[in-house]
Amino acid sequence: MAEILDGKALANTLSEEIKEKVKAMSSNGIKPHFCVINIGDDPASKVYVRAKKRRAEKLGIDQEIFQLPAETTEEEALALIQKLNNDPQINGVMVQLPVPNHINSDHLIEAINPEKDVDALTAANVGRLWQGTHFVKPATACGIIDLLDHYQISLDGKRAVIIGRSNIVGKPLAALLLERNATVTLAHSHTKNLTELTKQADILVAAVGKAKLVTADMVKEGAVVIDVGINRIDGHLVGDVDFDNVKKRASYITPVPGGVGPLTVESLMQQVVALTRRQNGKS
């Protein structure tokens, strides 16, 4: 039976570490300050933005929300980003996705100063990630690496298979796993013979948003299984992994909820602190 990778417990530990860092910076007159731009009335986005703000406040980080109406033009949003880029008191900027259809989200993300790019989504920071010269990391991928490290799960020489090639999780996680000397395969909706790949995985990551996609017959005995999926079925949250059956084959597994999810917001706050330190000449 698999050992549970408790992301919630680790998030609480990281929270205390971040709080201490922020306190130390504040004693030197430096307080992390980041801004979230949310355009439109997407209910889920508003929930996420509020959750980030509450977490930031508990850690002593200033977070400012720019809630813009759905009819905001791309030019207006770009002008706001430029204003925040130019403000020396702002350490981080992010755009909450999705944005309304008349706005190109890529244009907004690329307009963010890479030195303030909390989500690490600008082309410059994506390039640094693959070069191994990054100073900021995408939050979910960073949280997964932190979780593996916390449980002292070695990645060196291991075969990792990631199902899902998104810019938010799959691709950046592949880069971070490669950095740790794992051998990485990125699978996706066009992958043929998926089960043949997953059964070879020492580390299996599911990140596609399809409930119970990964079944026990797809998992190698003793594999480490990371479930990034969040799906709502009959009022309950479930992941991309058939947890009850897969846990009988895996050595470690993340639950949903309580696995990767809690780490994402804490990791985002880690990036805010890292950018603030960098902008103030601290490594």
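Numbers here simply count residues along the sequence, with the first being 1.
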| Heavy-atom pair of closest approach, residues Ile144 and Val228 | CD1-CG2, 3.8 Å
| message | With a 6.0 Å cut-off (strictly less than), is the heavy-atom count around NZ of Lys158, excluding the residue itself, greater than 12? | response | yes
| field | Pairs satisfying side chain to side chain donor-acceptor pair (under 3.5 Å), at least one member in residues 213-232, at least two apart | value | Asp202-Lys220, Thr215-Asp217, Glu221-Arg249, Asn231-Asp240
| Where Val219 and Lys199 come nearest, the two heavy atoms and their spacing | N-CG, 4.3 Å
| query | With respect to Asn91, which candidate in Lys116, His33, Gln279 satisfies the side-chain hydrogen bond (donor to acceptor under 3.5 Å, both in side chains) definition? | reply | Gln279
| request: Please list, chain by chain and in numerical order, all residues satisfying salt bridge (charged side-chain N to carboxylate O under 4.0 Å, His left out) with Arg55, sequence neighbours excluded. | output: Glu266
| field | Side-chain (Glu20) to main-chain (Glu16) donor-acceptor, under 3.5 angstrom | value | no
| Results of salt bridge (charged side-chain N to carboxylate O under 4.0 Å, His left out) for Asp242 - residues two or more places apart only | none
| Exceeds 12 heavy-atom contacts within 6.0 angstrom, atom CZ of Phe135 | yes
| said: Tell me every residue that passes side chain to side chain donor-acceptor pair (under 3.5 Å) with Thr264, counting only those two or more places apart in sequence or in another chain. | reply: Thr140
| message | Which residues pass the side-chain contact (heavy atoms from CB on, under 4.5 Å) test with Ile4, not counting sequence neighbours? | response | Phe243, Ile253, Pro255
| task | Using side chain to side chain donor-acceptor pair (under 3.5 Å) as the criterion, list what pairs up with Glu74, not counting sequence neighbours. | result | His107
| task | Check the surroundings of atom CG in Asn101: do more than 12 heavy atoms from other residues, nucleotides or ligands lie under 6.0 Å from it? | result | no
| query | Glu75: what forms a salt bridge (charged side-chain N to carboxylate O under 4.0 Å, His left out) with it, not counting sequence neighbours? | reply | none
List the atom pairs, donor and acceptor, that lie under 3.5 Å between side-chain atoms in residues 21-30 and the rest of the protein, sequence neighbours left out.
{"unit_1": "Ser26", "atom_1": "OG", "unit_2": "Val22", "atom_2": "O", "d": "2.9"}
{"unit_1": "Ser27", "atom_1": "OG", "unit_2": "Ala24", "atom_2": "O", "d": "2.5"}
{"unit_1": "Asn28", "atom_1": "ND2", "unit_2": "Ala24", "atom_2": "O", "d": "3.4"}

| Please, which pairs that meet side chain to side chain donor-acceptor pair (under 3.5 Å) have at least one residue in residues 143-153, sequence neighbours excluded? | Asp149-Arg180
| CG on Leu78 to CG on Asn85, rounded to 0.5 Å | 10.5 Å
| said: Under the salt bridge (charged side-chain N to carboxylate O under 4.0 Å, His left out) definition, can you give me all pairs with a residue in residues 28-47, not counting sequence neighbours? | reply: Lys31-Asp62, Asp41-Lys46
| task | Write down the atom of Leu186, the atom of Arg165, and the distance for their closest heavy-atom approach. | result | CD2-CA, 4.3 Å
| Partner residues of Asp119 under the side chain to side chain donor-acceptor pair (under 3.5 Å) criterion, sequence neighbours left out | none
| remark: Closest non-hydrogen atoms of Thr122 and Ile109, given as atom of the first, atom of the second and distance, are CG2-O, 3.2 Å
| remark: Contacts of Lys171 meeting side chain to side chain donor-acceptor pair (under 3.5 Å) (sequence neighbours excluded), chain-then-number -> Asn167
